S.K.: 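Structure provided below as structure tokens; questions to follow.
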Amino acid sequence: MSVPQSWTPVTSADTAVPTHDQVVAGLKATDEGGADLVQLLTPEGERVTDPRFDRYAADIDLDTLKNLYRDMVLVRRFDREGNALQRQGQLGIWVPLLGQEAAQVGSGRALAPQDMAFPSYREHGVAWTRGVDPTDLLGIFRGTDHGTWDPIEKRFHLYTIVIGNQCLNATGYAMGQKFEGKVGDGSDAEATICYFGDGATSQGDVHEGFVWAAVYDAPVVFYCQNNQWAISEPTERQTRVPLYKRAQGYGFPGIRVDGNDVLACLAVTRWALEECRTGNGPVLVEAFTYRMDAHTTSDDPTRYRLADELELWKLKDPIERVRVNLVREHGVEQGFFDGIQAEADELAARFRQFCVDMPPPAPDRMFSKVYAEPSPTLEAQREAFLAYHASFEGA
Amino acid sequence: MAVLTMAKAINDGLRAAMERDPKVLVMGEDVGKLGGVFRVTDGLQKDFGEQRVLDTPLAESGIIGTAVGLAIRGFRPVCEIQFDGFVFPGYDQIVSQLAKLHFRSQGKVPMPVVVRIPFGGGIGAVEHHSESPEALFAHVAGLKVVACSNADDAYWMIQQAIASDDPVIFFEPKRRYWDKAEVDVSATPPPLHTSRLVRPGSALTLVGYGPVLKTCLEAATAAAADGTELEVIDLRTLSPLDLDPVFDSVRRTGRLVVVAEAPSEVSVAAEVAARVQEQCFHSLEAPVLRVTGFDTPYPPSKCEEDFLPDLDRVLDAVDRSLGW
């Protein structure tokens with residue numbers, strides 16, 4: 001029986017080390033977003049026009065651009081502090097977002113106050129845009145709680161750790177918005193945004209979310225941050241087609257945006273949310289970006305990806321291109337950047353101090369709010385545990 | 001006082017809950033025009049519309065996962081899983097989100113969702129249509145689990161489950177759907193999470209739930225003809241268990257037989273046995289015995305007569321306990 005060439009096991013010694021062409025091909029695979037990539041700010045900081053999306057960024061004046069810069073610098077700063085706190089034993093784990101600041105801040109700032117966001121677990125930058133204090137994230141990673149913000153008040157759901165689950169929850173929420181008549185031309189129109197990664201696109205729940213959102217015309221923006229890596233698995237292990245093209249098969253628009261371009265992410269997400277609020281949802285947005293740090297502080301990317309890749313993406317840094325633009329096109333002076341850096345350092349210091357001061361949970365914390373209506377069985381366990389605990393007092 | 005089948009009683013209960021609260025939604029496969037494969041939701045879509053009674057895409061994770069999102073939005077979804085064996089694609093959403101969101105949010109996000117599951121065998125069905133997976137749910141913290149056994153209970157329990165701010169897995173014994181009973185719609189029902197003494201007796205305590213409750217009552221009638229009075233308790237709630245009435249009973253009778261269709265290992269019946277020996281050790285005159293399905297996958301339907309606990313197997317266990 002003949003075996004197709006491509007199925008032949010690779011055994012020869014000279015293929016163990018990738019050739020120059022293979023390295024370049026690999027780099028291009030993660031580096032190039034392709035012709036459909038929406039971009040308003042080049043990696044070199046040059047504002048470029050886009051006939052379709054310029055109008056969604058037309059109101060971005062200098063102050064707004066400065067604020068977006070500030071958002072990204074502050075988010076990156078406390079994210080780096082999170083990594084440091086884990087290395088110093090203050091956190092059990094941290095999930096870094098380094099490199100994804102534009103994808104998160106741009107989309108988060110596109111949301112109207114009444115919109116609802118469903119994050120995965122890396123969306124510290126979106127949390128920031130929703131007014132969730134960064135210290136509210138700490139308990140999750142220190143092991144004192146599962147998130148302390150009020151998801152209804154902040155319109156930012158709690159982190160979802162099981163990959164893809166939130167795509168169905170977000171779709172259900174969006175169906176509720178529609179059932180309540182919140183889709184249309186009214187000023188109170190609402191939409192939902194759902195965050196997930198490239199790895200999640202392989203999950204059944206994401207597929208089902210797409211199906212449900214499509215058949216119920218749910219006002220939900222599926223916002224996929226394709227950061228190229230699902231822990232150690234590259235996007236090519238999840239898909240044959242560019243992710244944004246999958247939307248076509250479900251019957252709704254899909255678009256790929258430069259995820260390191262905060263202006264483009266803002267403009268495209270504004271468009272997508274408007275589509276949803278006016279009854280043309282759902283929409284899939286693929287923010288093409290790069291996870292510049294490890295999956296989590298427990299991960300070691302040197303085992304599975306080339307250092308060259310990171311160097312290439314550093315040239316596309318989401319913050320640096322805004323800084324360059326502010327300087328070159330707007331003449332913003334160094335004092336502004338120094339001021340933001342100082343503010344970022346203050347935030348990091350507050351973040352750190354809050355973390356090290358966090359008290360351990362009370363002994364009976366684990367019994368708290370398991371049910372809305374307490375279970376007598378569980379109450380009995382709690383009382384027995386507390387009595388046992390008290391028996392050590394004075395010992 | 002109306003005489004209703006259990007299916008109709010649940011239908012009436014759903015209707016009453018939907019009339020009372022516009023946030024109550026019914027959702028599932030074929031629950032709209034068809035009225036569900038067992039007709040439990042018959043006529044609801046016609047009367048409440050397609051936004052209150054949703055014919056969903058054919059995906060159980062989707063049913064539960066979107067119900068979770070609707071509940072976050074403030075709705076009270078009642079999901080129908082078509083058959084017990086089809087719940088597992090939705091099990092992830094049930095365990096990972098539905099059960100945990102109240103705890104994760106420390107009460108800020110309640111999950112008033114009911115998942116109705118027709119369960120158990122005895123209808124001659126193909127594979128996956130006759131299972132008793134209740135232990136898989138009762139084992140999950142954050143969920144409440146109940147099983148109705150008769151039309152009157154079903155009418156009230158479904159309304160109480162919908163009114164609960166906790167997620168409730170609602171097991172309906174499908175082979176009893178067409179059994180009729182008197183339903184008193186003006187009665188004051190007992191709380192949802194209570195077990196109920198349904199037949200007093202002094203010789204032995206017989207505990208069951210769902211489809212086997214009828215078997216237990218038949219066994220008690222048969223034993224009474226021989227002069228042995230069995231006390232029968234309907235568990236009704238599987239999580240949390242309400243075992244105080246069982247403890248009281250066993251302290252009087254000294255003997256307990258637990259009956260269930262589910263396999264015995266690591267089961268609800270096993271938990272009842274363990275708790276009774278903890279609480280009633282000095283009252284027991286005999287070991288606690290279990291009459292259950294076997295620890296096999298649910299068999300081909302021509303074997304189910306042997307798999308399911310029947311009158312003879314229950315009476316055999318009663319004899320063994322009394323002869324100890």
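Each chain gets a letter, A, B and so on, in the order the sequences are listed, and its residues count up from 1. As a basis for the values below, the full set of heavy atoms in this structure was taken, side chains included, without hydrogen atoms, waters or symmetry mates. Everything numeric here is computed off the predicted structure, so don't read it as measured data.
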S.K.: Which bit of B:Thr56 is near chain A, if near means a heavy-atom gap under 4.5 Å: side chain, backbone, both or neither?
M.R.: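 B:Thr56 touches chain A through backbone and side-chain heavy atoms alike.
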S.K.: Please classify the contact between A:Val370 and chain B as side chain, backbone, both or neither, with a heavy-atom cut-off of under 4.5 Å.
M.R.: both
S.K.: With side chain to side chain donor-acceptor pair (under 3.5 Å) as the test, would you mind laying out the steps for A:Ser368 and B:Gln106 before giving the verdict?
M.R.: CA-CA 7 Å; A:Ser368 166; B:Gln106 285 294 286; 2.4 Å; yes
S.K.: Write down the atom of A:Thr148, the atom of B:Lys108, and the distance for their closest heavy-atom approach.
M.R.: O-NZ, 3.8 Å
S.K.: Report which part of A:Gln177 has an atom under 4.5 Å of a heavy atom belonging to chain B: side chain, backbone, both, or neither.
M.R.: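 Contact with chain B is through both the backbone and side chain of A:Gln177.
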S.K.: Does any backbone or side-chain atom of A:Phe118 lie under 4.5 Å from a heavy atom of chain B? Answer side chain, backbone, both or neither.
M.R.: side chain
S.K.: Around atom CD of B:Glu265, are there more than 12 heavy atoms from other residues, nucleotides or ligands closer than 6.0 Å?
M.R.: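 Counting other residues, nucleotides and ligands, CD of B:Glu265 stays at 12 neighbours or fewer.
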S.K.: Is the backbone of A:Glu373 close enough, under 3.5 Å, to the side chain of B:Asp166 for a donor and an acceptor to pair up by distance?
M.R.: yes
S.K.: Test side chain to side chain contact (heavy atoms under 4.5 Å, CB included) on A:Tyr173 and B:Val68; report intermediate values, then the result.
M.R.: CA-CA 8 Å; A:Tyr173 189 92; B:Val68 167; over 6 Å; no
S.K.: Could you give me the CA-CA distance, side-chain angles and deciding distance for A:Asn165 and B:Asp92, then say whether side chain to side chain contact (heavy atoms under 4.5 Å, CB included) is met?
M.R.: CA-CA 8 Å; A:Asn165 272 181; B:Asp92 173 28; 3.0 Å; yes
S.K.: Between A:Glu180 and B:Phe75, does the side chain to side chain contact (heavy atoms under 4.5 Å, CB included) criterion hold? Intermediate values first, please.
M.R.: CA-CA 10 Å; A:Glu180 289 179 10; B:Phe75 289 87; 3.5 Å; yes
S.K.: In terms of heavy-atom proximity below 4.5 Å to chain B, should A:Glu190 be classed as side chain, backbone, both, or neither?
M.R.: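 For A:Glu190, the contact with chain B is made by the side chain alone.
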S.K.: Chain A heavy atoms under 4.5 Å from B:Ala67: which part of the residue, side chain, backbone, both or neither?
M.R.: neither
S.K.: So which part of B:Pro110 gets closer than 4.5 Å to some heavy atom of chain A, the side chain, the backbone, both or neither?
M.R.: neither
S.K.: State, to 0.1 Å, how close A:Ile152 and B:Ile72 come at their nearest heavy-atom pair, and which atoms those are.
M.R.: CD1-O, 3.8 Å
S.K.: What pair of heavy atoms forms the shortest contact from B:Asp165 to A:Ala372, and how long is it?
M.R.: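 Looking at all heavy atoms of both residues, the shortest contact is CB-CB, 3.6 Å.
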S.K.: Heavy-atom pairs under 4.5 Å with chain B are the metric here; pick the option from A:Asp205, A:Thr171, A:Val215 that has the most.
M.R.: A:Asp205
S.K.: Can you tell me which portion of B:Arg275 sits under 4.5 Å from chain A's heavy atoms? Options are side chain, backbone, both or neither.
M.R.: side chain
S.K.: Which heavy atom in A:Tyr371 sits nearest to a heavy atom in B:Ser239, and how many Å separate them?
M.R.: OH-OG, 4.2 Å
S.K.: Does A:Arg365 make a cation-pi contact with B:Phe103, if we ask for NZ or CZ under 6.0 Å from the ring centre and within 45° of the axis?
M.R.: yes
S.K.: Sort A:His207 into side chain, backbone, both or neither according to what part of it lies under 4.5 angstrom from a heavy atom of chain B.
M.R.: neither
S.K.: What part of B:Leu241 lies closer than 4.5 angstrom to a heavy atom of chain A: side chain, backbone, both or neither?
M.R.: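 Only the backbone of B:Leu241 comes within 4.5 Å of chain A.
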S.K.: Mind checking the CG-CH2 spacing from B:Leu54 to A:Trp212? Nearest 0.5 Å is all I need.
M.R.: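 Nearest 0.5 Å value for the CG-CH2 distance: 7.5 Å.
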S.K.: Check B:Gly107 against A:Lys369 and note the closest heavy-atom contact, atom names and distance.
M.R.: N-CB, 4.1 Å
S.K.: Indicate the atoms forming the closest heavy-atom contact of A:Glu208 with B:Ala59, along with that distance.
M.R.: OE1-CB, 3.3 Å
S.K.: Which atoms of B:Ile63 come close to chain A, meaning under 4.5 Å heavy atom to heavy atom: side chain ones, backbone ones, both, or neither?
M.R.: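 For B:Ile63, heavy atoms of backbone and side chain both lie under 4.5 Å from chain A.
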S.K.: B:Leu243 versus chain A, heavy atoms under 4.5 Å apart: side chain, backbone, both or neither?
M.R.: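 Looking at B:Leu243, nothing touches chain A.
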S.K.: Please check if atom CD in B:Glu50 has more than 12 non-hydrogen atoms from other residues, nucleotides or ligands closer than 6.0 Å.
M.R.: no
S.K.: Check the pair B:Gln93, A:Asn169 against side chain to side chain contact (heavy atoms under 4.5 Å, CB included), reporting the backbone distance first and the verdict last.
M.R.: CA-CA 9 Å; B:Gln93 283 283 349; A:Asn169 308 152; 3.2 Å; yes
S.K.: Could you measure the distance from the CD atom of B:Gln51 to the NZ atom of A:Lys178? Nearest 0.5 Å is fine.
M.R.: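 Going from the CD atom of B:Gln51 to the NZ atom of A:Lys178 covers 6.5 Å.
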